[in-house]
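Here is the structure we will look at.
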Protein chains: 2
Amino acid sequence: MNDAEKMLLQLQALSHPVRLWIVAALTRERALYVSHLAREAGISRPLMKMHLRKLENAGLVASATGQADNGKMANFYRVTSFNLALSPETIAQVGPLPETLSVRGDSNV
Amino acid sequence: MNDAEKMLLQLQALSHPVRLWIVAALTRERALYVSHLAREAGISRPLMKMHLRKLENAGLVASATGQADNGKMANFYRVTSFNLALSPETIAQVGPLPETLSVRGDSNV
DNA sequence: TTTACATGTAATTTTTTTCTTACGCAATAT
DNA sequence: ATATTGCGTAAGAAAAAAATTACATGTAAA
């Protein structure tokens with residue numbers, strides 16, 4: 001995966017209100033587990049899991065198994081120390097996205 | 001519009017390969033008009049217009065009417081000098097998104 | 001005048017993403 | 001034992017985003 005693809009993946013991961021909230025929550029709380037996050041956010045656990053997966057695929061959060069307050073094993077997430085600088089220059093630098101410049105005929109538009 | 005909403009709008013605007021390409025192109029070329037951009041990107045003009053509108057709504061590009069090489073009036077776009085720093089800290093700072101914490105009952109999940 | 005190229009927009013389809021619901025399994029506490 | 005709380009996953013509905021297509025207008029050049 002090149003730089004442009006990675007940047008895109010990170011941007012897509014962060015472009016949702018719930019996922020921004022997750023990052024903020026994990027920044028304040030060090031580590032939280034899935035069910036807990038789902039409750040706090042007011043969404044279902046499967047949905048929370050999907051959001052977390054998206055963030056994890058982009059490398060913005062990481063997961064580990066641990067023990068919750070109540071003794072049950074839980075799936076904890078923490079935020080990674082990413083730093084993404086977005087300016088015209090940094091975007092221009094990463095270069096083209098593969099397959100973005102697909103062959104396509106112009107029409108009467 | 002608060003900081004969190006603005007950040008989200010910018011993230012959503014940048015989370016698409018074509019729109020990243022547009023920003024890169026406008027960074028290199030100072031200003032380009034819609035039809036020209038559409039041809040270069042290999043997409044239809046209405047679609048290019050939609051992408052540009054999304055970028056413009058986020059304040060990442062700006063438009064102005066001008067004259068193209070061929071004498072025809074054209075709708076030029078240029079990139080603005082935005083600078084968006086994305087890290088756990090900057091995201092945690094912007095605060096909560098309105099209505100993100102909607103009331104919702106837990107179910108058997 | 002006809003061709004070419006620029007504009008705008010609306011309606012519709014296609015595709016992707018988001019979200020819900022429902023199932024099953026494991027472990028702890030009552 | 002039974003309730004509670006954690007986990008995972010898969011199927012399908014709903015919503016949002018992306019993309020196509022088609023129409024209409026204005027102007028410069030051949």
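Since the structure is predicted, the reported quantities are computational estimates derived from the model, not experimental observations.
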Quiz item: Are B:M7 and B:L86 close enough that some pair of their side-chain heavy atoms sits under 4.5 Å apart?
Solution: yes
Self-check item: Whole-Å gap separating P (D:dA18) and CE (B:M48)
Solution: 13 Å
Quiz item: Is the phosphate of D:dA18, meaning OP1 or OP2, less than 4.0 Å from a side-chain N or O of B:R19?
Solution: yes
Quiz item: D:dC7 P sits how many Å from A:M50 CE, rounded?
Solution: 17 Å
Self-check item: A:R45 side chain near C:dC23 phosphate (N/O to OP1/OP2, under 4.0 Å)
Solution: no
Quiz item: Between A:N75 and B:S15, which has a closest nucleotide on DNA chain D that is more 5'?
Solution: A:N75
Quiz prompt | Under 3.5 Å donor-acceptor, A:R19 side chain and A:A13 backbone | solution = yes
Practice problem: Return no unless some side-chain N or O of B:H36 is found under 4.0 Å from OP1 or OP2 of C:dC5. | Solution: no
Practice problem: For A:E56 and D:dG8, give me the distance from atom CD to atom P, rounded to whole Å. | Solution: 10 Å
Exercise. Keeping the roles fixed (side chain from B:Q12, backbone from B:L9), state whether a donor-acceptor pair exists under 3.5 Å.
Key: no
Quiz item: Rounded to whole angstrom units, what separation is found between the NZ atom of A:K49 and the C1' atom of D:dA10?
Solution: 13 Å
Quiz item: To the nearest Å, how far apart are B:I43 CD1 and D:dT20 P?
Solution: 8 Å
Practice problem: State whether A:K54 places a side-chain N or O below 4.0 Å from either non-bridging phosphate oxygen (OP1 or OP2) of C:dT18. | Solution: yes
Practice problem: Write down the distance between OH (A:Y33) and P (C:dA26), rounded to a whole number of angstrom. | Solution: 20 Å
Quiz item: Just how far, in rounded Å, is C1' of D:dT5 from CG of A:L37?
Solution: 15 Å
Quiz item: Any link between B:L32 and B:V79 through a network of hydrophobic side chains (Ile, Leu, Val, Met, Phe, Trp, Tyr) touching at under 4.5 Å?
Solution: yes
Quiz item: Looking only at side-chain N and O atoms, does B:N70 come under 4.0 Å of OP1 or OP2 in C:dA6?
Solution: yes
Practice problem: Could you tell me whether A:R53 contacts a base, only the sugar-phosphate backbone, or nothing, with contacts defined as non-hydrogen atoms closer than 4.0 Å? | Solution: nothing
Practice problem: Would you indicate, yes or no, if D:dA29 has its OP1 or OP2 atom less than 4.0 angstrom from a side-chain nitrogen or oxygen of B:K72? | Solution: no
Quiz item: Quick one: is D:dA19 close enough that its OP1 or OP2 comes under 4.0 Å of any side-chain N or O from B:H16?
Solution: yes
